[in-house]
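FYI, the numbering just counts along the sequence from 1. The structure displayed is predicted, hence computed values, not measured ones.
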Amino acid sequence: MRSMEWSRLAACLLLVVSMSAWAREEPPAVVVAADAAPIRDLETLVVHGAQPGPGLWKISKDGHVMWVLGTVRPLPDGIEWQSGEVEAAIARSQQVLSPPSFALHADVGFFGMLGLAPAMWKATRNEGGASLEDVLPAGLYARWQVQKRRYLGRDGGIERKRPMIAAEKLRAAAIKSIGLGQKPVLWSVLERAFKAAGIEPTATRLKFTIDDPKAAIREFRAGGMDDTACFERTLASVEHDLPRLVERANAWAVGDVEALRRLPLEDVDGACMQAFAESGYARDHGYGNLREKVRQHWLEVAEQALHDNDETFAVLPVDDLLAEDGYLARLQARGCEVDAP
């Protein structure tokens, strides 16, 4: 289940191997000189201790019910989630739906994956041994240097990584520095509840099969993928979003749904998914418009579950849940009644 929460690293490797994955407008570029004054440390107040988390959304149609848990990531490391309401809903349910995601799948087996390892390794690095300084606009690279010094120090090897991979490593280090995202607050609890209820979650992953993964890797590398939008959005998140990440994590922990509504976050993952969807490789193989295809696939599975079961339990990212064109709005448009927690 945790692998469904896709990262830029997974997204990049996913282009050519069997991994899981899950755009909004990018913020304007802000050029920061490499010798800019030191950035003031954030004074974060992350909640700790026993916390209730948010209530459940209730989706009803024709006497059938789906309970939806909205998720936020990263979450505070120091909380103990009081998950009684969720565990009770899972125990009553006949089916559990995993979060929406997509996967490129290659049925090559263990030894086949070993054989692909060198090509996968090359796919995570810039072509021709180029550095980030070589492939990024000068202003964007200067901003990177400021944040790299702050969160990664003298990590020289990262300069040869492709932008998508480097930016994810930076973001992970920044999030760790503010006390978020290092402990399995959510999924360890959910997995225990699924096991106790004797339910194997239903995968809602939209899967595409790659017949010749080696050829796919070569084709992808030759066709290229512009990481710049993904890199810039991820870097901007490190520069500007950390206080909001703390606010959102705290709001989820204490169950403040209204605060979650007021604190939407620019979609870093969406920008990276879009970068792949717009690549020549993705367009040539029918992987374009991935976000919409993933949503439509999840909605089809959810409607069938609502029809088949008295009660169903589902997990969805809060931002996708609450967006104007998100899952709640689309379920309402399909005749469902929605009750907020």
Side-chain angles (χ1 to χ4, degrees), residues 1-7 22 44-60 65-93 95-101 175-176 178-197 199 201-202 204 241-265 267-269 298 302 305 311-323 326-329 331 338-341:
M1 295 290 287
R2 283 186 291 276
S3 65
M4 296 170 191
E5 299 179 12
W6 76 295
S7 67
W22 267 87
T44 56
L45 296 174
V46 182
V47 297
H48 291 77
Q51 301 294 341
L56 298 174
W57 278 265
K58 181 182 180 182
I59 315 297
S60 307
V65 174
M66 176 180 293
W67 302 100
V68 179
L69 173 66
T71 61
V72 166
R73 61 184 182 91
L75 290 174
D77 293 335
I79 67 168
E80 180 183 343
W81 180 29
Q82 296 177 320
S83 55
E85 179 187 7
V86 166
E87 292 177 50
I90 292 171
R92 295 194 306 267
S93 296
Q95 189 175 3
V96 168
L97 304 186
S98 67
S101 63
I175 288 172
K176 181 179 179 180
I178 57 174
L180 300 180
Q182 302 305 301
K183 295 184 179 179
V185 172
L186 183 70
W187 289 107
S188 59
V189 174
L190 290 179
E191 287 166 352
R192 285 197 301 270
F194 300 154
K195 184 176 181 180
I199 298 176
T202 299
T204 63
D241 291 347
L242 297 184
R244 177 160 287 204
L245 285 176
V246 173
E247 290 183 79
R248 285 163 53 87
N250 288 345
W252 188 94
V254 302
D256 190 345
V257 174
E258 289 308 309
L260 292 173
R261 292 182 188 276
R262 295 194 306 269
L263 294 166
L265 198 63
D267 187 2
V268 176
D269 291 339
W298 187 91
E311 296 193 49
T312 304
F313 182 84
V315 182
L316 288 169
V318 139
D319 288 334
D320 286 341
L321 192 65
L322 299 178
Y327 290 105
L328 290 182
L331 286 167
V338 175
D339 295 312

side-chain contact (heavy atoms from CB on, under 4.5 Å) assessment of Trp67 paired with Val86:
CA-CA 9 Å; Trp67 302 100; Val86 166; over 6 Å; no

Counting C-beta onward and ignoring hydrogens, is there a side-chain heavy-atom pair between [X] and [Y] closer than 4.5 Å?
X	Y	value
Tyr327	Pro100	yes
Pro201	Leu97	no
Val315	Pro99	yes
Gln95	Ile199	no
Val68	Ile59	yes
Thr202	Val96	no

Look up atom [atom1] in [X] and atom [atom2] in [Y], then write down how far apart they are to the nearest 0.5 Å.
X	Y	atom1	atom2	result
Asp241	Glu247	CG	CD	11.0 Å
Asp339	Trp57	CG	CH2	12.0 Å
Ile90	Thr312	CD1	OG1	12.0 Å
Asp77	Lys176	CG	NZ	9.5 Å
Gln51	Ile79	CD	CD1	6.5 Å
Leu69	Leu186	CG	CG	6.0 Å

Testing the basics here: between [X] and [Y], what is the closest heavy-atom pair and its distance to 0.1 Å?
X	Y	value
Glu311	Arg92	OE1-NE, 3.0 Å
Trp252	Leu260	N-CD2, 4.1 Å
Gly70	Pro54	O-CG, 3.9 Å
Arg261	Ala340	NH2-CB, 3.9 Å
Asn250	Leu45	ND2-O, 2.9 Å
Ala251	Ala259	CB-CB, 3.8 Å

Decide if atom CD of Glu80 counts as having more than 12 heavy atoms of other residues, nucleotides or ligands within a radius under 6.0 Å.
->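 12 or below, so no.
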
key: SB check Arg73 Asp319 (cutoff 4.0 Å)   =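 No.
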
Using modelled atom types only, decide if a donor and an acceptor are shared between the side chain of Arg244 and the backbone of Leu265 within a distance under 3.5 Å.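 Answer holds: no.
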
*Determine, step by step, whether Leu75 and Leu180 satisfy the side-chain contact (heavy atoms from CB on, under 4.5 Å) criterion, reporting the C-alpha distance in whole Å, the side-chain angles of both residues, the deciding distance to 0.1 Å, and the verdict.*
CA-CA 5 Å; Leu75 290 174; Leu180 300 180; over 6 Å; no

With side-chain contact (heavy atoms from CB on, under 4.5 Å) as the criterion, how do Trp298 and Leu316 come out once you've worked through the C-alpha distance, each side chain's angles and the decisive distance to 0.1 Å? CA-CA 10 Å; Trp298 187 91; Leu316 288 169; 3.7 Å; yes

One pair to check against side-chain contact (heavy atoms from CB on, under 4.5 Å): Lys58 and Val65. What are the steps and the verdict? CA-CA 7 Å; Lys58 181 182 180 182; Val65 174; 3.8 Å; yes

